[in-house]
Amino acid sequence: MFADLAVPVVVAPMAGGPSTPALVAGAIEAGGSGFLAGAYLTPDALRTQIEATRALTAGPFGVNLFTPGAESTADLTDYRSRVAAEADRLGIAAGTPNWDDDHYAAKLDVVLDARVPVVSFTFGLPRPDDVTRLHAAGVLVVVTVTTPTEARAATAAGADALCVQGAAAGAHRGTFTNDPAFPGGAPLYDLLPALRLIGAETGLPLIATGGLVHGADVAAVVAAGAVAAQLGTAFLRCPEAGTQPAHRAALAAADRETTLTRAFSGRPARGLVNRFITDHGPAAPAAYPQIHHLTRPVRAAAAQAGDPEAMALWAGQGYPLATDGPVAEVIATLATQAAAATARLASRFSPH
Ligand SMILES: Cc1cc2nc3c(=O)[nH]c(=O)nc-3n(C[C@H](O)[C@H](O)[C@H](O)COP(=O)(O)O)c2cc1C
């Protein structure tokens, strides 16, 4: 499905609002592809999004799910009081830091039932039974990996393709582990070394993701062996995306650095630096999804109030170059830029 796209560009799954049926369908109609974000949705809401996407396009699209991890035993007492103070400031109550599996099994049933042709997994491997069921139904299994070690495990688990995520990626790192010893949850690989090392070990198709915002970046990862490039931040400001207005404005201002932080969810994620990250990031425990649930009302209230200093402004490092055009226009521009980059390369490297 990815190797024969007219434009080898995939709209990344973007949980928490930005992913919409219109964004995914728009990408497909423009010659690319896309994933709906299953995370944080109820199974019913996911089914509704799949149906809504199918009403807009006859083309194939994927669904992404977060694989549940083990419950952390980290002490949350200090962080609970920090977030309670933030909630007080906004006149609301903080969330309850419970562990849950995000309705993983029920959502897997939804995608199987709806015969979605591709499912990608993030934060770890699907269970062997899940892979067996998906394969029996003819569903392509994609696993997000960030290191050669994860790629080896995903290959052994029966993945049909790998989504290789580099360090510059916006929002959550797809690491299998959430090791407090690592600011990124696991060793942090830039995209090109990750593609090169993983490509040296596996013949699986690789989808490259992380920090790509220009057609020349797409051409670069295809030159490096990827079948397609998965872009998230490049589409965050599209009118079809469900990105919050204050998030869009902060991206457009392009005056903040990005950083990795556990401040909002307890898992490392890349976002624009703001007060919440600066004040609380260093104290945030490696406890996902407890911290996600704890901070959710604060993030929602800040977004509603248009306050960029207490919400998660997810962004990949290339964000200043992203635009606000419709998804079809962004994909057409990427295709034109990639063709120009390819022509430049051909003239640079052709034998004289
Ligand atoms: C707002 C936002 C939400 C994201 N949500 C998900 C998600 O639900 N599942 C997932 O696998 N990746 C998610 N990602 C990461 C993307 O899949 C991808 O790795 C990343 O966007 C690539 O970097 P870029 O943003 O620089 O293009 C998200 C990215 C963003 C920006």
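Read the numbers this way: they start at 1 and go in the same order the structure lists the ligands and their atoms.
Residue Gly211 has at least one nitrogen or oxygen atom sitting less than 3.5 Å from a nitrogen or oxygen atom of ligand 1, judged on distance alone. For ligand 1, the polar-atom distance check against Asn64 finds a nitrogen or oxygen pair separated by under 3.5 Å. Between Gln165 and ligand 1, at least one N/O pair is under 3.5 Å apart. Considering both main-chain and side-chain atoms, Gly232 comes within under 3.5 Å of ligand 1 through a nitrogen or oxygen pair. By the 3.5 Å distance cut-off applied to N or O atoms, Gln230 is counted among the residues near ligand 1. Checking only distances, Pro18 never comes within under 3.5 Å of ligand 1, N or O to N or O. The shortest N or O to N or O distance between Thr144 and ligand 1 is not below 3.5 Å. Of the polar atoms of Leu236, none of the N or O atoms is found under 3.5 Å from an N or O of ligand 1, judged by distance alone. Taking any N or O of Thr209, backbone or side chain, at least one lies under 3.5 Å from an N or O belonging to ligand 1.
Arg47 and Asp109 are not joined by a salt bridge, as no carboxylate oxygen comes within less than 4.0 angstrom of a charged side-chain nitrogen. With salt bridges taken as basic N to acidic carboxylate O contacts below 4.0 Å, none links Glu51 and Arg54. Between Asp129 and Arg133, none of the side-chain N atoms (NZ, or NE/NH1/NH2) sits under 4.0 Å from a carboxylate O, so this pair counts as no salt bridge. Between Asp102 and Lys107 there is a salt bridge, since a side-chain N of the basic residue sits under 4.0 Å from a carboxylate O of the acidic one.
For ligand 1, the atoms closer than 4.0 angstrom to any heavy atom of Ala15 are 3 (C), 4 (C), 5 (N), 6 (C), 7 (C), 8 (O). Per-residue contacts place Leu231 under 4.0 angstrom from the following atoms of ligand 1 (heavy atoms of the residue considered): 27 (O). Close contacts of ligand 1 with Thr122, meaning ligand atoms under 4.0 Å from a residue heavy atom, involve 10 (C), 11 (O). Each of the following atoms of ligand 1 lies closer than 4.0 Å to a heavy atom of Ala171: 2 (C), 3 (C), 4 (C), 28 (C), 29 (C), 30 (C). Each of the atoms 26 (O) of ligand 1 lies under 4.0 Å from some heavy atom of Gly316.
Residue Tyr319 places every heavy atom at 4.0 Å or more from ligand 1. Not a single heavy atom of Gly16 sits less than 4.0 Å from an atom of ligand 1. By the 4.0 Å heavy-atom criterion, Pro13 is counted among the residues contacting ligand 1.
Between the side chains of Asp44 and Thr42, no donor N or O sits under 3.5 Å from an acceptor N or O. There is a side-chain donor-acceptor pair under 3.5 Å between Ser265 and His172.
Judged by distance alone, with hydrogens and angles left aside, the side-chain atoms of Glu71 form no donor-acceptor pair with the main-chain N or O of Trp99 at under 3.5 Å. The closest donor-acceptor contact from the side chain of Thr57 to the backbone of Ala25 lies at 3.5 Å or more, if one exists at all.
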